[in-house]
Amino acid sequence: MSIVAKFGGSSLANAKQFGKVVAIIRADPARRYVVVSAPGKMTPGDKKVTDMLLDWSRCYRSGLPCEEIQQAITARFVEIVTGLGLSLDIHAEMAKIAQNLHLDATSDFLASRGEFLNAKILAEALGYDFIDPAGCIHLDREGRYSSDNGHLAAALKGRRAVIAGFYGSLPDGSIKTFSRGGSDITGALVAQAVNARRYENWTDVSGLLRADPRVVEHPRHIRLITYDELRELAYMGAEVFHAEAMFPVQDAGIETHIRNTNRPQDPGTRIVPDSGRHVKNGHATISGIAGRKNFTIIRIQRRLMDKEIGFGERVLKVIAERGISFEHMPGGIDTLSVIIDDRQLGDKLDGVVAEITRVCSPGRVTVEKEVALIAVVGRGMVHRIGASARVLRAIARANINVKVVNQGSSEMNIIIGVRNCDYEKAVRAIYRTFVR
Ligand code: ASP
């Protein structure tokens, strides 16, 4: 069975990085399918080629001179092709792109050309076939991919190929890019289509971290995690690969392996489908901690709330009617709290509170602002007595007041609300308790 290897922008930023990628692919003949991003950043000051292409499109449309941008993009690719000693004519390729632009190509078309050219270059360097996803990743009118990827499977069958990431084609044949970072999705679709043994996602870090390195100093790497755990952590802000990229591979039961192009000897992070086998192997109670600040808790108190059918529904209707989605709704006998992300709430808080007060009369509605939510996630917590007690004890010992606690029904995550200003201290306290 084959391996699908996807390489991110920093792994393909210049000829030197390409050299590492070629060596990695050659090291295992099972790496038959390779998906690429556009050249990214090597240093924080660099610009991603995708951004340069988008600048070019904007400039052109505003009637501004574009030569400088076009030359800068050309220079990035010429450095790669020359450094690798390849024959691909970048100037001719760039002229074709410019010609399409004059013929009214969309900004999606332009944005996709970084992946298009990188795939052509890597295919030549490896002696693999080049595959343009415009011909085999078909999207619906809204730009969504379908789970029926027969075209893609047929295009890949029996080949060794480099596929450009980040885009597919709409029913009218025009190019449509995914959201930013979307080459991860292409990689997952290819892995699903060829029923890969593994989906390798090569990047510039040695895997996922157990906590945010801006909060916890030198956090450890996660060696193994399930897709369900990762979903919880990613939702709460842990930075991983594209959030949508996990669904095609999770559905197909394929493992994703995050690895570092610059340190291929590092073990990386394996993301596995949830199966009893892996759960038993996990001896760490907690896989990771993630969190975000700036939530608001709306608390509703009313006697005999528990006897009143439809009470919760009335509250949620007020929120839904204003186009707001909520995060959690923990409740007690006569209380109900709704936790909402401030980005959702915007300036609607006063209106929401007034309406809930009216609907819940004669209850009492109070508001708590500036709350941070911390997600403590671990398949090791399932059926383990005392895991949540340890989390709460760690926070109590750090002298932090807990505003709200919500345990997910899967028992795999505990959400704790603290004041924004206590967030970092709380995360560090939990980390110290569980990770040594
Ligand atoms: N090149 C695109 C971006 O910068 C897609 C990707 O790298 O995955 O977002």
Side-chain angles (χ1 to χ4, degrees), residues 4-13 17 21 33-44 46-55 57 73 76 106-119 122 133-134 137 139 142-145 152 162-169 175-192 199-209 212-214 222 225 227 230-250 254 256-262 268-269 271 288 290 292 343:
V4 172
K6 181 261 164 179
F7 291 87
S10 61
S11 302
L12 297 161
Q17 292 300 94
V21 167
Y33 302 104
V34 184
V35 175
V36 295
S37 283
K41 298 182 184 195
M42 268 314 287
T43 62
D46 289 348
K47 207 158 191 186
K48 291 182 175 186
V49 164
T50 308
D51 289 315
M52 297 164 88
L53 288 161
L54 287 167
D55 284 349
S57 169
I73 300 167
R76 290 287 298 265
T106 60
S107 64
D108 277 33
F109 170 82
L110 222 66
S112 71
R113 294 303 90 181
E115 276 71 13
F116 176 86
L117 287 180
N118 252 4
L122 189 60
I137 297 187
L139 310 172
E142 273 74 49
R144 288 176 303 225
Y145 51 85
L152 185 56
V162 181
I163 303 107
F166 191 38
Y167 67 95
S169 59
I175 298 277
K176 175 84 188 139
T177 54
F178 297 132
S179 54
R180 295 301 301 266
S183 298
D184 285 340
I185 302 175
T186 312
L189 293 175
V190 170
Q192 185 191 40
Y199 171 31
E200 291 179 345
N201 195 296
W202 292 85
T203 166
D204 54 5
V205 292
S206 292
L208 310 174
L209 295 168
D212 185 342
R214 289 165 300 190
I222 302 172
I225 190 168
Y227 284 106
L230 183 62
R231 171 93 180 104
E232 302 279 352
L233 287 174
Y235 182 71
M236 283 305 284
E239 274 182 33
V240 282
F241 59 106
H242 198 293
E244 279 173 51
M246 64 180 104
F247 300 120
V249 265
Q250 181 176 19
I254 297 167
T256 298
H257 196 172
I258 309 278
R259 299 190 65 177
N260 189 345
T261 302
N262 305 315
T269 300
I271 308 161
R292 284 194 271 132
R343 289 174 302 189

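- The cationic group of R231 does not satisfy the cation-pi geometry with F247, failing either the under 6.0 Å distance to the six-membered ring centre or the 45° limit from the ring axis.
- Residues that satisfy the salt bridge (Lys or Arg N to Asp or Glu O under 4.0 Å) test with D46, not counting sequence neighbours, are absent from this structure.
- With Y227 contributing its side chain and T256 its backbone, the two residues share a donor-acceptor pair below 3.5 Å.
- Listed here is the closest heavy atom pair of A13 and M42: CB-CG, 3.5 Å.
- In this structure the side chain of Q17 never reaches within 4.5 angstrom of the side chain of L12, judged on heavy atoms.
- Annotation: the span from E142 atom CD to K176 atom NZ amounts to 10.0 Å, rounded to 0.5 Å.
- Residues passing the ring pair (Phe, Tyr, Trp, His ring centres under 6.0 Å) test with Y33: none are found, sequence neighbours excluded.
- Looking at heavy atoms from C-beta onward, P248 lies in side-chain contact with Y145 at the 4.5 angstrom threshold.
- Rounding to the nearest 0.5 Å places CG of L139 at 10.5 Å from CZ of R144.
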Exercise for review: Quick one: do I225 and L233 satisfy side chain to side chain contact (heavy atoms under 4.5 Å, CB included)? Show the steps, please.
Suggested key: CA-CA 10 Å; I225 190 168; L233 287 174; 3.7 Å; yes
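- To the nearest 0.5 Å, the span separating CD1 on I271 from CD1 on I258 amounts to 4.0 Å.
- Considering every non-hydrogen atom in both V35 and G165, the closest pair reads CG1-CA, 3.9 Å.
- Residues that satisfy the ring pair (Phe, Tyr, Trp, His ring centres under 6.0 Å) test with F7, not counting sequence neighbours, are W202.
- In this structure, CG in N201 is found 10.5 Å from NE2 in H257, a value given to the nearest 0.5 Å.
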Check your understanding: Could you go step by step and tell me if F116 and I175 meet the side chain to side chain contact (heavy atoms under 4.5 Å, CB included) rule?
Key -> CA-CA 11 Å; F116 176 86; I175 298 277; over 6 Å; no
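- When atom types are taken as modelled, the side chain of Q192 and the backbone of V249 share no donor-acceptor pair closer than 3.5 angstrom.
- Here the closest heavy-atom approach between residue S112 and residue Y167 is recorded as CB-CD2, 3.4 Å.
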Exercise for review: Report the C-alpha separation of H242 and S183 in whole Å, then their side-chain angles, then the decisive distance to 0.1 Å, and conclude whether the side chain to side chain contact (heavy atoms under 4.5 Å, CB included) test is met.
Suggested key: CA-CA 8 Å; H242 198 293; S183 298; over 6 Å; no
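- Using modelled atom types, no side-chain atom of T269 and backbone atom of G207 make a donor-acceptor pair closer than 3.5 Å.
- Without hydrogens or angle criteria, R76 side chain to K48 main chain gives no donor-acceptor distance under 3.5 Å.
- In this structure, the side chain of D108 engages the main chain of T177 through a donor-acceptor pair within 3.5 Å.
- The side chain to side chain donor-acceptor pair (under 3.5 Å) test applied to S206 returns N260, D266, not counting sequence neighbours.
- S11 approaches V21 most closely through the heavy-atom pair O-CG2, 3.2 Å.
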Check your understanding: Can L208 and L230 be said to form a side chain to side chain contact (heavy atoms under 4.5 Å, CB included), step by step?
Key -> CA-CA 10 Å; L208 310 174; L230 183 62; 3.5 Å; yes
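- In this structure, the salt bridge (Lys or Arg N to Asp or Glu O under 4.0 Å) partners of D212, at least two apart in sequence or on a different chain, are R214.
- Of all heavy-atom pairs between A38 and T50, the closest is CB-OG1, 3.6 Å.
- A salt bridge links D51 with R180; the closest basic N to acidic carboxylate O contact falls under 4.0 Å.
- The two atoms that bring F166 and E115 nearest to each other are CD2-OE1, 3.5 Å, heavy atoms only.
- Under the side-chain contact (heavy atoms from CB on, under 4.5 Å) criterion, L209 pairs with P213, P219, H221, not counting sequence neighbours.
- From L54, atom CG reaches atom NZ of K47 across 9.5 Å, with rounding to the nearest 0.5 Å.
- Put simply, CG on D184 and CE on M246 are 10.0 Å apart, with the number rounded to the nearest 0.5 Å.
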